[in-house]
Amino acid sequence: MQIFEIKQPKKSPKVTLVGAGPGSRDLITLRGYRALQHADAILYDALVDPGLLDEVSGDIPKIYVGKRCGKDGISQDGINALLVEHAFTYGHVVRLKGGDPFVFGRASEEIEHLESFGIPVDVVPGISSAIAAPAGQGIPVTKRGVSTSFWVVTATTKEGTFPKDLQLASQSSATLLILMGVRKLKQIVDLVCKHRSGMTPFALIQNASKDTERCTTGTLNNAAAITKTIDLTQPGVIVIGDVVAEHPSFFEEEVRRVLHSTI
Ligand SMILES: C[S@@+](CC[C@H](N)C(=O)[O-])C[C@H]1O[C@@H](n2cnc3c(N)ncnc32)[C@H](O)[C@@H]1O
């Protein structure tokens with residue numbers, strides 16, 4: 001039960017959940033940008049570019065409520081409580097979330113909590129990292145004659161195990177887009193290799209659309225060796241499927257790897 005002092009708000013309480021896009025501040029939608037300009041308070045996540053907040057005029061509260069890998073931050077109950085409190089205190093609160101609010105964003109829990117207090121909620125979609133990360137690297141998630149569908153799967157459930165869908169997706173021929181999986185890359189590849197050829201291309205795109213973006217490509221066979229060369233603390237999207245061969249330097253990197261392994 002949430003207890004707080006109800007102050008007289010300047011305006012009626014209202015919350016807009018805004019998808020900030022994958023990282024770079026100019027990948028927010030125009031509608032999301034406008035919502036920010038009309039905010040009386042902002043609560044923002046870890047993967048949101050803080051530079052975006054500098055573009056918000058006016059001296060309004062901008063509160064960081066980020067948590068990376070589900071740890072080291074405020075709990076979801078704490079965020080829900082802050083949203084209600086700020087909406088009643090300030091009026092229009094923008095809840096700025098990385099990517100799209102409804103893609104592994106816990107938006108539904110926030111909406112349910114807010115609505116239980118009678119606070120109206122709007123949602124502004126955002127560009128999900130699931131699509132933006134491969135697109136920014138020239139990797140199409142579908143391609144005529146190569147891939148007719150894609151699955152967006154999390155590698156981290158609340159129980160801490162792989163979801164059953166990861167296995168089902170591996171058994172299909174769809175492009176796999178795996179979020180929250182960088183630290184488990186080796187185990188993911190082991191699972192996918194039970195159902196797909198070791199020659200299947202994969203890419204790991206970290207910090208997509210930011211200055212620190214890094215893309216690593218290879219085949220499932222050499223993923224274990226590649227894992228040793230990457231920074232596992234940086235967020236990334238894992239792409240598995242033949243579409244990865246469309247990456248402009250995929251073949252060049254493969255040739256280099258083969259040459260190095262035979263020296
Ligand atoms: C809690 S999920 C939120 C996803 C978000 N709602 C979206 O639509 O992109 C966080 C995961 O998204 C992925 N992610 C988010 N931003 C990213 C970025 N800029 N580059 C690579 N992966 C990113 C990573 O897999 C990260 O662990």
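The shown structure was predicted, so the numbers you read here are calculated from the model rather than taken from an experiment. In each ligand, atom 1 is the first atom listed, and ligand 1 is the first ligand listed.
- Between Ile178 and ligand 1, no N or O atom pair is found at a separation short of 3.5 Å.
- For ligand 1 and Val103, the ligand atoms under 4.0 Å from any heavy atom of the residue are 3 (C), 4 (C), 5 (C), 6 (N), 8 (O).
- The atoms of ligand 1 that sit less than 4.0 Å from any heavy atom of Asn207 are 19 (N), 20 (N), 21 (C).
- On a distance-only criterion, Asp100 and ligand 1 share at least one N/O pair closer than 3.5 Å.
- Those atoms of ligand 1 that come under 4.0 Å of a heavy atom in Ser128, given as number and element, are 7 (C), 8 (O), 9 (O).
- Side-chain contact check for Asn221 and Thr219: no donor-acceptor pair (N or O, by modelled atom type) lies under 3.5 Å.
- A side-chain contact (heavy atoms from CB on, under 4.5 Å) with Val56 is found for one member of Ile42, Val94, Leu96 and no other, namely Ile42.
- Closest heavy-atom approach to atom 16 (N) of ligand 1 among the candidates Gly21, Gly136, Pro22, Pro235: Pro22.
- Between Asp40 and Lys11, at least one side-chain nitrogen of the basic residue sits less than 4.0 Å from a carboxylate oxygen of the acidic one, meeting the salt-bridge criterion.
- Atom numbering of ligand 1 starts at 1 in the shown order; those under 4.0 Å from a heavy atom of Phe104 are 1 (C), 2 (S), 3 (C).
- A salt bridge links Arg95 with Asp45; the closest basic N to acidic carboxylate O contact falls under 4.0 Å.
- Distances between N or O atoms of Ile127 and those of ligand 1 include no value under 3.5 Å.
- Listed by chain and residue number, Lys186 satisfy the salt bridge (Lys or Arg N to Asp or Glu O under 4.0 Å) test with Asp190 (two or more places apart in sequence, or in another chain).
- Neither side chain, Asp77 nor Ser75, offers a donor N or O lying under 3.5 Å from an acceptor on the other.
- Polar contact with ligand 1: absent for Lys210 (N/O pair, distance under 3.5 Å).
- Here the side chain of Thr200 pairs no donor or acceptor atom with the backbone of Arg196 at under 3.5 angstrom.
- For the pair Ser209 and ligand 1, no heavy-atom separation below 4.0 Å is found.
- Proximity annotation for atom 20 (N) of ligand 1: of Cys215, Pro134, Ala208, Ala208 comes nearest, heavy atoms only.
- Only the backbone of Ile205 comes within 4.0 Å of ligand 1, judged by heavy-atom distances.
- Residue contact annotation: Ser129 has a non-hydrogen atom under 4.0 Å from ligand 1.
- The two residues Glu110 and Ile79 have their closest heavy-atom pair at OE2-CG2, 3.8 Å.
- Residue contacts with ligand 1: Ala133 is excluded, as none of its non-hydrogen atoms falls under 4.0 Å.
- Interface of Gly236 with ligand 1, defined as ligand atoms under 4.0 Å from a residue heavy atom, comprises 21 (C), 22 (N), 24 (C), 25 (O).
- Listed for the Ser147 side chain is no donor-acceptor partner under 3.5 Å among the backbone atoms of Lys143.
- Polar contact check, Gly98 against ligand 1: a nitrogen or oxygen pair lies under 3.5 Å apart.
- We find that Glu109 and Arg106 are joined by a salt bridge, their nearest charged nitrogen and carboxylate oxygen being less than 4.0 Å apart.
- Residue contacts with ligand 1 do not include Gly105, since none of its heavy atoms lies under 4.0 Å from the ligand.
- Using modelled atom types, one finds no donor on one side chain facing an acceptor on the other under 3.5 Å when comparing Glu213 with Asn207.
- Considering backbone and side-chain N/O atoms, Leu179 never comes within less than 3.5 Å of an N/O atom of ligand 1.
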